[in-house]
Amino acid sequence: MSLNSSASSHPPYFLLTGIPGLEKEQFWIAFPFFIMYAIAVLGNITLLLVIKADPSLHQPMYLFLAMLAFTDLVLSTSMLPKMLAIFWMGSGKIGFLSCLVQLFFIHTFSMVESGMLMAMALDRYVAICRPLSHSSILSVTVVVALGTVVLLRGVLLVSPACFLLKRMPFCQHHIISHSYCEHMAVVKLSCGDTRVSATYGLFVALLVVGSDTFLISVSYTMILREVMKSSREARRKAFSTCTSHVCVILAFYVPGLFTFLTHRFGQSIPPHIHIMVANLYLLVPPTLNPVIYGMRTKRIRDRMLVLFQQKGN
């Protein structure tokens with residue numbers, strides 16, 4: 001297929017339907033989504049400002065947290081404004097290239113989020129199991145390099161998926177039964193051979209989720225073994241911290257895996273449940289992360305109070 005014929009087979013736009021089967025109710029569903037988005041934006045921007053303003057917080061744990069906050073801002077902003085436009089104004093039209101851009105940012109920063117959770121688990125492992133070597137193993141240079149690698153991984157793995165989609169014919173199919181441009185939802189619209197694109201998407205998902213969850217599991221297993229040797233107070237403190245972190249990890253991976261598997265094997269699952277879970281998958285973690293990682297972290301909480309008191313005076 002020539003480049004010109006490929007381009008002409010692209011629809012000028014796609015039409016996002018929102019939540020199939022809940023078209024009337026989604027106007028009201030948008031309100032809690034908007035509140036969650038507002039919390040995510042306010043919470044993550046506050047975290048970034050607090051960490052930037054306090055040099056004592058320029059340590060691995062807080063630098064990873066700042067990277068996670070930035071990732072959450074990009075991830076939620078990539079889909080929520082357009083989703084709210086669909087729910088409130090019925091503005092589901094999105095240009096072909098704009099859809100690919102949204103798809104690129106959503107999937108790239110989903111992988112970055114996974115990588116940041118993995119990096120933070122490794123940081124907790126080094127801090128608890130090898131505390132004397134923590135600053136030398138995870139220097140600022142290493143932290144920045146690790147963050148860069150995680151970002152490049154997402155860009156390099158998602159870019160081929162977008163390239164494959166750009167070369168696929170779509171004929172007259174342009175209605176996406178989703179709230180945002182998700183890879184498999186777009187692939188299913190193609191009237192050409194989708195095996196390469198679908199297989200590549202499956203490979204990337206298994207590679208990223210498999211490697212990251214494996215390293216997270218190993219890190220927390222080693223942490224648990226080390227903590228069991230400590231005093232009761234140390235165990236209590238470690239369990240409190242790790243439990244909140246594990247909750248955030250589960251809130252990200254469980255809906256993500258549900259969405260991923262439903263596209264391929266869950267034909268019996270009602271579409272509105274699938275799409276609702278897919279929406280929450282990209283919105284709940286950015287909303288929870290600043291609360292769990294920020295407000296439950298004493299040094300950040302104390303720094304926030306100092307800043308608010310200074311502004312009050």
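This chain uses plain numbering: 1 for the first residue, then up along the sequence. This structure is a prediction, so every number in the text was calculated from the model and none was measured.
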Would you please classify the geometry between the [Y] ring and the [X] ring as parallel, tilted or perpendicular, with 30° and 60° separating the classes?
X	Y	value
W88	F34	tilted
F31	F27	perpendicular
F258	H274	perpendicular

Starting from [Y], can I reach [X] by hopping between I/L/V/M/F/W/Y residues whose side chains sit under 4.5 Å apart?
X	Y	result
V142	F64	yes
L156	V204	no
F252	V218	yes
L151	V149	no
I137	L215	yes

Discussion item. Using the ring pair (Phe, Tyr, Trp, His ring centres under 6.0 Å) criterion, which residues pair with H174? Sequence neighbours excluded.
Written reply: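 Only Y13 meet the ring pair (Phe, Tyr, Trp, His ring centres under 6.0 Å) criterion with H174.
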
Discussion item. Please enumerate all residues that pass ring pair (Phe, Tyr, Trp, His ring centres under 6.0 Å) together with Y220, with sequence neighbours excluded.
Written reply: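 Expected list: none.
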
Would you mind reporting whether [Y] and [X] have side-chain heavy atoms less than 4.5 Å apart?
X	Y	answer
T46	P290	no
D123	H134	yes
S110	L75	yes
K188	S177	no
Y62	L47	no
Y253	S114	yes
Y180	L282	yes
L100	F104	no

Can a donor-acceptor pair be found, under 3.5 Å and without considering hydrogens, that links the side chain of [X] to the backbone of [Y]?
X	Y	value
H107	H183	yes
E226	L224	no
T287	M36	yes
N289	P285	yes

Fill in: Closest non-hydrogen atom pair, G115 against V150
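The pair with the smallest heavy-atom distance is CA-CG1, 3.8 Å.
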
Worksheet item: Looking only at heavy atoms, what is the nearest atom pair of T194 and M168, with distance?
Response: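 So the two residues come closest at CG2-CE, 3.6 Å.
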
Straight-line distance of [X] [atom1] to [Y] [atom2], nearest 0.5 Å:
X	Y	atom1	atom2	result
F87	K82	CZ	NZ	11.5 Å
L165	S190	CG	OG	8.5 Å
Q102	I94	CD	CD1	4.5 Å
I128	M222	CD1	CE	12.0 Å
M276	T259	CE	OG1	11.5 Å

Item to complete: Could you list the residues that satisfy side chain to side chain donor-acceptor pair (under 3.5 Å) with Y37, not counting sequence neighbours?
Response: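 Residues passing side chain to side chain donor-acceptor pair (under 3.5 Å) with Y37: T77.
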
